[in-house]
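This report concerns only the one structure given below.
Every chain is numbered from 1, with letters handed out A, B, ... down the list of sequences.
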Amino acid sequence: QKEVEQDPGPLSVPEGAIVSLNCTYSNSAFQYFMWYRQYSRKGPELLMYTYSSGNKEDGRFTAQVDKSSKYISLFIRDSQPSDSATYLCAPGLGSNYKLTFGKGTLLTVNP
Amino acid sequence: GAVVSQHPSWVICKSGTSVKIECRSLDFQATTMFWYRQFPKQSLMLMATSNEGSKATYEQGVEKDKFLINHASLTLSTLTVTSAHPEDSSFYICSALTSDSYNEQFFGPGTRLTVL
């Protein structure tokens, strides 16, 4: 079993839709959970991160963590064509700052 | 936010030659930098952790003699792919940790290496 599982998609939605992106992980030692966005042929950019179970909201984005089920989600409200990118979940260990990336979900928001 | 640059952004080389990729933190000092490799439609795979002034720590399966990492200053780390072969063709990305946001990695734009 891979440490981080993420459905690669592709996921195609109409503009304005609510998008749900999900990952599962197996290592209960992960202490913090990052979401990165990566445009084609570019480096990832950090969207959000959270340390604990529960929800964290930032504008149109909400990150959700359920440590008991080892499940992390990113919700995008009122999706825009500019949100079209690959979204990577990346849980991390606090001891060495290493991140373990999921495969990424390719999202396309159609105008 | 913190800015990380990479140079070159794209390089093509012949098989058997060596290629050096630079990673710079432009507006902050980075005691720790990471090097990743990403194949098409695959995730980022950590290759090594680079700490300023000390030897890099390589992940299992990564050949340290093939991928030479030097972190000579708080703003510069280099990755040298020695005796490159076509299977080394990939997207190489670095990231850096800031001192005031200890677990937030800022990524460079990546370097696309093509070995002919």
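- For the options B:Val4, B:Leu44, B:Leu46, heavy-atom pairs under 4.5 Å to chain A are most numerous at B:Leu44.
- Neither the backbone nor the side chain of A:Pro8 has a heavy atom closer than 4.5 Å to any heavy atom of chain B.
- In this pair, A:Phe33 and A:Tyr25 present their aromatic rings tilted. The plane angle is within the 30 to 60° band.
- The closest side-chain heavy-atom distance from A:Val13 to A:Leu11 is below 4.5 Å.
- Heavy-atom pairs under 4.5 Å with chain B were tallied for A:Pro44, A:Ala90, A:Gly92; the largest tally goes to A:Pro44.
- If you look at A:Tyr36 and A:Phe101, their ring centroids are closer than 6.0 Å.
- The six-membered or imidazole ring of B:Phe107 lies away from that of B:Phe34, with a centre-to-centre distance of 6.0 Å or more.
- Put simply, the side chain of A:Lys67 reaches to within 4.5 Å of the side chain of A:Val65, judged on heavy atoms.
- Neither the backbone nor the side chain of B:Gln6 comes within contact range of chain A, judged by heavy atoms closer than 4.5 Å.
- Looking at A:Gln6, neither its backbone nor its side chain comes within 4.5 Å of chain B, counting heavy atoms on both sides.
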